[in-house]
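Scroll down for the structure; my scribbles are underneath it.
Throughout, a chain's letter reflects where its sequence line sits, starting with A, and its residues are numbered from 1. Everything quoted here is computed from the prediction, not taken from an experiment.
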Amino acid sequence: MAPSSGAPCTKGRSAIPELPEVETVRRALGPWLCGRTVIAAERVEAPPGPKYAGLERLPGQRIEAVLRRGKFLLLPLSRADRSGSAAGAPGPGDELIVHLGMTGVVRRTPPDAHLRVRVRLAGPEPSTLYFQDVRRFGRFTVVPSGDYRTLPTLAALGPDALASEFTVAAFARALRRSAMAIKTLLLSQRAVAGVGNIYADEALWRAGIHPERPARQLDRARVAALHQAIGAVLEESVALQGTTLHDYRTVDGEVGSFLERLAVYGHAWEPCPRCGTTIEKVVLGQRGTHVCPRCQPRPRRRRHRA
DNA sequence: CGCATTTCCTGGTAGC
DNA sequence: TGCTACCAGGAAATGC
């Protein structure tokens, strides 16, 4: 419905949850889920496979926390029912890993379609968690704590963009090692975790860096500017509960309002808010990429020296 | 190992 | 109207 709601025409329609959207979800889930014990968990409308692996291990485990690393939600679990010590320390548990992918939604009410996982919890209503995922790019997996062998991106994840470990020095080190286009490296999650297509374009525009510039060619000033831009754009978006392009909603069904702050993403052919030059949309690494050709000049080709 | 390419998946939409 | 073709995109799998 409401095909034109005043939103910029992105031609995109999906949620595309990145760090701010996942953080918004995390904050809503924490108070609801922490301390609760799983009674039952089942896969619904989804084929068997690694994306929903380990659900049978959930019953009997208690959710200890709702954490986030990049775009991954990590829920450490504990087994409270070890024989003997009823009041003793909880036994070592597993870890529930949730990734929203493109269209994943964690809900307290049943969706009308595309339900993938249902989890029943002990305690007061609402006591059922529903994981809905139209395009099945998401994940809902239980693994032994810290065993990320089936999640290579999580295993090699860089520091979270909003964590104190994400320092300019660490960022510079990661960039120096890579010949990839800076935007492609950002999307890989290896140099920094949590930046996706929208915020990569926004941060690079803020920092005045062309997305195709090889990562190792960023000088100190550009590295610092990009580091600062990533933190700023993500923090501003978290404060507004993220960006709703179309489908994304907070757990309480609200829209995120960072959409109106987007400078380039979804604004191809419109004037750059800083200089007025027409914003271009190109394809980089199979991803739609928005760039102001004046604010983000293409890197000059390196001169050969004899 | 590093990097590029392909695959997964469905709803919306352009074009006829 | 109804059909086909195509597109969006994060992470995993595959291919050098």
Quiz item: Are any of A:Y265's side-chain N or O atoms less than 4.0 Å away from OP1 or OP2 of C:dG9?
Solution: yes

Quiz prompt | Distance below 4.0 Å between A:H99 side-chain N/O and C:dA11 OP1 or OP2 | solution = yes

Quiz prompt | Spacing of A:L157 atom CG relative to C:dA12 atom C1', expressed in whole Å | solution = 14 Å

Quiz prompt | Rounded distance (Å) that lies between atom C1' of C:dG9 and atom CZ of A:R139 | solution = 17 Å

Quiz item: NA contact type, A:Q286, heavy-atom cut-off 4.0 Å: base, sugar-phosphate, or nothing?
Solution: base

Quiz item: Using a cut-off of 4.0 Å on non-hydrogen atoms, how would the nucleic acid contact of A:G285 be classed: base, sugar-phosphate, or nothing?
Solution: nothing

Quiz item: Taking N and O atoms by type only, does the side chain of A:R135 place a donor or acceptor under 3.5 Å from a partner on the base of C:dA8?
Solution: yes

Self-check item: Integer-rounded Å distance: C:dG10 C1' and A:R136 CZ
Solution: 17 Å

Quiz item: So, A:K51 and A:D133, do they make that salt bridge, N to O below 4.0 Å?
Solution: no

Quiz item: Just wondering, do A:F137 and C:dG9 stack (centres under 5.5 Å, planes under 30°)?
Solution: yes

Quiz item: Atom CD1 of A:I198 and atom P of C:dG9: how far apart are they, to the nearest Å?
Solution: 8 Å

Practice problem: Specify the residue among A:H114 and A:L185 whose closest nucleotide of DNA chain B lies further upstream toward the 5′ end. | Solution: A:L185

Quiz item: Checking all strands, does A:R287 fall into the base, sugar-phosphate, or nothing category for heavy-atom contacts under 4.0 angstrom?
Solution: base

Practice problem: Measure from the side chain of A:V134, starting at C-beta and using heavy atoms only, and say which of C:dA11, B:dG11, B:dC3 lies closest. | Solution: B:dG11

Quiz item: When the aromatic ring centroids of A:H227 and A:F166 are compared, is their separation below 6.0 Å?
Solution: yes

Quiz item: Between atom CD in A:Q132 and atom C1' in B:dC9, what is the gap in whole Å?
Solution: 14 Å

Quiz item: Roughly, in whole Å, what's the span from CZ in A:F72 to C1' in C:dG10?
Solution: 9 Å

Practice problem: Classify the nucleic acid contact of A:T184 as base, sugar-phosphate or nothing, counting any heavy atom under 4.0 Å across all strands shown. | Solution: nothing

Practice problem: Classify the angle between the aromatic ring planes of A:F72 and A:H99 as parallel (below 30°), tilted (30 to 60°) or perpendicular (above 60°). | Solution: perpendicular

Exercise. Output yes when at least one side-chain N/O atom of A:Q189 is less than 4.0 Å from OP1 or OP2 of C:dA11, else no.
Key: yes

Self-check item: Between A:E42 and A:Y52, a side-chain donor and acceptor under 3.5 Å
Solution: no

Exercise. Using a cut-off of strictly less than 4.0 Å, decide whether A:R190 has a side-chain nitrogen or oxygen near OP1 or OP2 of B:dC3.
Key: yes

Exercise. For A:M180 and B:dA4, give me the distance from atom CE to atom P, rounded to whole Å.
Key: 5 Å

Self-check item: Nearest atoms (heavy-atom pairs only) where A:E280 meets A:P293
Solution: OE2-CG, 3.6 Å

Quiz item: Rounded to whole angstrom units, what separation is found between the CG atom of A:D112 and the P atom of B:dG11?
Solution: 12 Å

